[in-house]
Amino acid sequence: MKKAVHFGAGNIGRGFIGALFSQSGYNVVFVDIADQIINQLNEEKQYNVMLATDEKETITIQNVSGLNNLNQENEVIEAIKEAAFLTTAIGPNILPRIAPLIAKGLAARVQANEERLYVIACENQISATDLLKGYIMEHLDEAAKEKVLANVSFLNSAVDRIVPIQNNQGSLDVLVEPYHEWVVETSEGIPHIEGMKIVSELAPFIERKLFTVNTGHAVIAYFGYLANKETIDQTLADEDIYNQVKATLGETGTYLINQYNLDPEEHQKYIDKIINRFQNAHLNDGVTRVGRSPIRKLGHKDRLVRPALQAQKAGHSYTNLAKAIAAALLFDYKEDEDAVKLQIMIQEHGVPYVLQEVCELEESSELAKEIISHYEELKR
Ligand SMILES: NC(=O)c1ccc[n+]([C@@H]2O[C@H](COP(=O)([O-])OP(=O)(O)OC[C@H]3O[C@@H](n4cnc5c(N)ncnc54)[C@H](O)[C@@H]3O)[C@@H](O)[C@H]2O)c1
Ligand SMILES: O=P(O)(O)OC[C@@H](O)[C@@H](O)[C@H](O)[C@H](O)CO
C-alpha cells in the first residue's frame with residue numbers, strides 16, 4: 001500500500017490531511033509527540049471524522065498508525081524511506097524543530113529509493129514549504145543536499161477547513177466543518193489525492209484564503225476576547241463585531257480584487273460564504289483557539305499587517321485592519337505562551353517597540369500611528 005507520512009496528528013492532521021490520504025488509498029503514518037494519540041492510533045487503527053452539521057455525517061478513517069518523533073527516530077526515518085508524500089500540519093513555529101529529523105529521513109530516503117517524494121507543509125503561512133525546505137537544507141551536507149534537491153519536490157500549499165479544539169478527551173474522533181479546500185502549487189504530474197486541487201500559481205489562492213478566512217477569524221477572535229465571548233459564532237451574533245468583520249474584509253477585499261483581478265461580485269460571494277462558515281454553531285470554536293499565537297499573527301507577512309500595508313501602499317482604507325491589530329495587542333490570554341510573551345514585551349518596552357520588533361512597522365508610519373491611537377482607545 002502507498003504510504004504518506006504526516007507530521008502533526010492534531011486537528012488538521014487527523015481531521016483533514018490524514019483523512020484525505022486515507023480516503024485516497026494511502027497508509028497514513030502520523031508522527032507526533034503526543035504519546036496518548038500515538039498509542040491510540042496504533043491500538044485502534046482507525047477513527048471517525050464527523051461533520052459539523054445537523055445530521056453529523058460520519059466517515060471512518062482507516063489504515064492509520066502513529067510514531068513518536070522524540071523516541072522513534074529510526075522508525076520515522078524508515079517510514080520516510082517508503083513514503084510517496086511527506087506532509088506537515090504542526091504550526092509554523094514548530095517547523096524548524098522537526099526539520100533535523102526530516103533531513104535525516106530524506107538523506108536516507110534518496111539513498112534507498114529513487115521514486116519521487118512530495119513534501120508539502122499544510123500550515124497557515126505563505127510559502128511554508130519553502131521555509132521548511134530551508135530549515136531541512138541546514139541539516140544536510142552538500143552531497144545529500146544535491147540528491148534531495150534532485151529527487152524530492154517541495155510544494156507550497158494552502159489549506160482551508162475549520163477544525164476546532166475537540167471536546168472529547170480520550171477519543172481520536174474529530175469534528176470538522178463540511179467545507180474544505182487544499183490547494184497545492186505544482187506544474188508536475190503528481191499522484192492524485194482526493195480533495196487536492198493543483199494550481200500553477202498559489203499566490204492568489206493563499207492570499208485570498210489568509211486575508212479573508214484568517215483575517216476575518218482574527219478580527220472575531222480578538223474583539224470577541226475583549227468582549228468576553230467564548231466562541232466565534234457567539235461573537236458574530238454581536239452586531240458591532242459583525243459590522244467590524246464585514247468592514248475589515250471590505251479592506252482586504254479591495255486589495256485582493258486589485259491585486260489578483262478578482263471579480264468583485266464573486267469575491268463578495270466568497271466573503272459571504274466564509275461569514276456563513278464562521279456562524280456554524282456546531283463547531284463551538286473558541287475565540288482563544290482562533291486568536292492563538294498573536295505574535296505569529298502580528299507578523300509582517302501575516303493576516304493583519306500585510307493587508308494593512310498593502311492598503312496603505314495603494315492609498316486605500318486600512319482603519320479597520322489597524323483596529324484589529326490594536327485588538328490583537330490586547331489579547332492577554334494567560335494560557336497562550338505567545339500572548340504572555342507579547343504582554344511582557346508591551347509592559348517592558350511599550351507598543352511602538354512591539355510594532356517595530358513584531359510587525360516590522362516604523363513608529364513614524366501612518367499605520368503605526370493609527371494602531372497606537374486605536375490601542376489607547378480600546379484600552380479605555
Ligand atoms: N485547525 C484549523 O482550523 C486549521 C485550518 C487550516 C490550517 N491549520 C493549520 O494547521 C496547523 C496545525 O493546526 P491544528 O489546528 O491542527 O493544531 P493542533 O494543535 O491541533 O495540532 C498540532 C499537532 O502538532 C503536534 N506537535 C507539536 N509539536 C510537535 C513536535 N515538535 N513534533 C511533532 N508533533 C508536534 C501536537 O502534539 C499536535 O498534535 C497550523 O499551522 C494551523 O495554522 C489549522
Ligand atoms: O491556525 P491559525 O492559528 O493560523 O489560525 C486560527 C484559525 O483562523 C485557523 O485555524 C482557521 O480555522 C483555518 O485556517 C481555517 O481554514
Side-chain angles (χ1 to χ4, degrees), residues 5-19 29-38 40-41 52 66-73 76 87-102 120-126 128-129 131-132 135 157-166 172 174-183 205-206 208-222 224 231-232 245 273-274 277-278 280 283 285-299 301-304 324 328 331 333 336-339:
V5 174
H6 178 85
F7 281 75
N11 294 324
I12 277 292
R14 298 204 310 284
F16 188 18
I17 306 300
V29 180
F30 287 101
V31 182
D32 204 293
I33 49 170
D35 265 332
Q36 196 201 333
I37 295 179
I38 295 304
Q40 239 176 312
L41 280 166
L67 291 173
N68 187 319
N69 45 318
L70 296 181
N71 50 36
Q72 291 185 289
E73 276 216 356
V76 174
T87 48
T88 74
I90 205 160
N93 298 342
I94 311 288
L95 292 177
R97 290 197 225 159
I98 57 165
L101 177 56
I102 298 181
I120 311 173
C122 307
E123 317 286 349
N124 279 337
Q125 187 176 42
I126 292 172
T129 310
L131 291 168
L132 174 62
Y135 304 137
S157 89
V159 268
D160 192 4
R161 174 172 240 178
I162 300 174
V163 190
I165 289 176
Q166 304 298 307
L172 290 175
V174 199
L175 178 80
V176 303
E177 68 165 336
Y179 178 89
H180 59 80
E181 185 174 57
W182 185 16
V183 188
F205 291 90
I206 190 148
R208 187 179 70 140
K209 189 262 167 171
L210 205 62
F211 301 156
T212 316
V213 180
N214 298 109
T215 305
H217 237 176
V219 174
I220 304 168
Y222 294 129
T231 65
I232 294 298
V245 175
K273 187 166 176 181
I274 286 163
R277 290 167 58 198
F278 292 159
N280 184 342
L283 284 170
D285 198 9
V287 295
T288 50
R289 178 194 81 84
V290 176
R292 69 184 167 191
S293 312
I295 294 183
R296 167 169 60 88
K297 291 193 167 85
L298 285 166
K301 291 189 181 153
D302 218 287
R303 61 208 73 186
L304 297 170
F331 184 67
Y333 182 52
D336 186 300
E337 213 182 293
D338 229 33

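Counting starts at 1 for both ligands and their atoms, following the listed order.
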- Working for salt bridge (charged side-chain N to carboxylate O under 4.0 Å, His left out), residues Glu181 and Lys209: CA-CA 10 Å; Glu181 185 174 57; Lys209 189 262 167 171; over 6 Å; no
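- When Ala9, Ala89, Pro164, Gly13 are ranked by how near their heavy atoms come to atom 22 (C) of ligand 1, first place goes to Ala89.
- In terms of protein heavy atoms, atom 43 (O) of ligand 1 is closest to Asn124 ND2, 3.1 Å.
- Side chain of Asn214 to main chain of Asn124: no donor-acceptor pair is present (N/O by atom type, distance under 3.5 Å, no hydrogens or angles).
- For the atom pair CG (Leu298) and OG (Ser293), the distance works out to 11.0 Å, reported to the nearest 0.5 Å.
- Each of the atoms 32 (N) of ligand 1 lies under 4.0 Å from some heavy atom of Ile98.
- Ring geometry, Phe278 versus His217: the interplanar angle falls under 30°, so the pair is classed parallel (tilted spans 30 to 60°).
- For the pair Ile120 and Trp182, the minimum side-chain heavy-atom distance is below 4.5 Å.
- Tyr333 places no side-chain N or O within donor-acceptor distance of the main-chain N or O of Arg292, the cut-off being under 3.5 Å.
- Judged purely by atom type and a 3.5 angstrom limit, Asp338 uses its side chain to pair as donor or acceptor with the backbone of Arg296.
- Residue, atom and distance of the protein heavy atom nearest to atom 24 (O) of ligand 1 are Ile90 CG1, 3.6 Å.
- Across every non-hydrogen atom of Ile126 and Leu131, the tightest pair is O-CD1, 4.2 Å.
- Nearest protein heavy-atom contact of atom 32 (N) of ligand 1 is Asn69 ND2, 2.9 Å.
- Gln166 places a side-chain N or O within donor-acceptor distance of the main-chain N or O of Leu175, the cut-off being under 3.5 Å.
- Distances between N or O atoms of Ala34 and those of ligand 1 include no value under 3.5 Å.
- When the heavy atoms of Glu123, Arg296, Lys297, Arg292 are ranked by distance to atom 13 (O) of ligand 1, first place goes to Arg292.
- Protein heavy atom nearest atom 21 (O) of ligand 1, with residue, atom name and distance: Gly10 CA, 3.4 Å.
- By the 4.5 Å heavy-atom criterion applied to side chains, Lys301 and Leu210 are not counted as neighbours.
- Between Asn11 and ligand 1, a contact under 3.5 Å exists for at least one N or O pair.
- The protein heavy-atom contact nearest to atom 3 (O) of ligand 1 is Val163 N, 2.9 Å.
- Here is the list of ligand 1 atoms found below 4.0 Å of a heavy atom in Ile162: 3 (O).
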Could you list, one pair per line, each nitrogen or oxygen of ligand 2 together with any protein nitrogen or oxygen closer than 3.5 Å, giving atom names and the distance rounded to 0.1 Å?
{"residue": "ligand 2", "atom": "1 (O)", "partner": "Asn124", "partner atom": "ND2", "Å": "3.2"}
{"residue": "ligand 2", "atom": "1 (O)", "partner": "Arg292", "partner atom": "NH2", "Å": "2.8"}
{"residue": "ligand 2", "atom": "3 (O)", "partner": "Arg292", "partner atom": "NE", "Å": "2.9"}
{"residue": "ligand 2", "atom": "3 (O)", "partner": "Arg296", "partner atom": "NH2", "Å": "2.8"}
{"residue": "ligand 2", "atom": "3 (O)", "partner": "Lys297", "partner atom": "NZ", "Å": "2.7"}
{"residue": "ligand 2", "atom": "4 (O)", "partner": "Asn124", "partner atom": "ND2", "Å": "3.2"}
{"residue": "ligand 2", "atom": "4 (O)", "partner": "Arg296", "partner atom": "NH1", "Å": "2.9"}
{"residue": "ligand 2", "atom": "4 (O)", "partner": "Arg303", "partner atom": "NH1", "Å": "3.1"}
{"residue": "ligand 2", "atom": "4 (O)", "partner": "Arg303", "partner atom": "NH2", "Å": "3.0"}
{"residue": "ligand 2", "atom": "5 (O)", "partner": "Arg303", "partner atom": "NH1", "Å": "3.0"}
{"residue": "ligand 2", "atom": "8 (O)", "partner": "Asn214", "partner atom": "ND2", "Å": "3.0"}
{"residue": "ligand 2", "atom": "8 (O)", "partner": "His217", "partner atom": "ND1", "Å": "2.8"}
{"residue": "ligand 2", "atom": "10 (O)", "partner": "Arg289", "partner atom": "NH1", "Å": "3.0"}
{"residue": "ligand 2", "atom": "12 (O)", "partner": "Arg289", "partner atom": "NH2", "Å": "2.8"}
{"residue": "ligand 2", "atom": "14 (O)", "partner": "Asn124", "partner atom": "ND2", "Å": "2.9"}
{"residue": "ligand 2", "atom": "14 (O)", "partner": "Lys209", "partner atom": "NZ", "Å": "2.7"}
{"residue": "ligand 2", "atom": "14 (O)", "partner": "Asn214", "partner atom": "ND2", "Å": "2.9"}
{"residue": "ligand 2", "atom": "16 (O)", "partner": "Asp160", "partner atom": "OD1", "Å": "2.6"}
{"residue": "ligand 2", "atom": "16 (O)", "partner": "Arg161", "partner atom": "N", "Å": "3.0"}
{"residue": "ligand 2", "atom": "16 (O)", "partner": "Lys209", "partner atom": "NZ", "Å": "3.3"}

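- Within the listing of ligand 1, atoms 41 (O) sit less than 4.0 angstrom from a heavy atom of Pro92.
- Within the 4.5 Å cutoff, the side chain of Asp285 has heavy atoms near those of the Val290 side chain.
- From the protein, the heavy atom lying nearest to atom 5 (C) of ligand 1 is Arg161 O, 3.1 Å.
- Of the protein's non-hydrogen atoms, the one nearest atom 39 (O) of ligand 1 is Asp32 OD2, 2.7 Å.
- Atom 10 (O) of ligand 1 has as its closest protein heavy atom Cys122 O, 3.6 Å.
- Using a distance-only test at 3.5 Å, with no hydrogens or angles considered, no donor-acceptor pair links the side chain of Asn69 to the main chain of Val31.
- Where the criterion is an N or O separation shorter than 3.5 Å, residue side chain and backbone included, Arg97 fails it with respect to ligand 1.
- Applying side-chain contact (heavy atoms from CB on, under 4.5 Å) to Thr87 and the options Val5, Ile17, Ile12 leaves one that passes, Ile17.
- Under the 3.5 Å distance criterion, the side-chain polar atoms of Glu123 are matched with a main-chain donor or acceptor of Ile90.
- The atoms of ligand 1 that sit less than 4.0 Å from any heavy atom of Arg289 are 1 (N), 2 (C), 3 (O).
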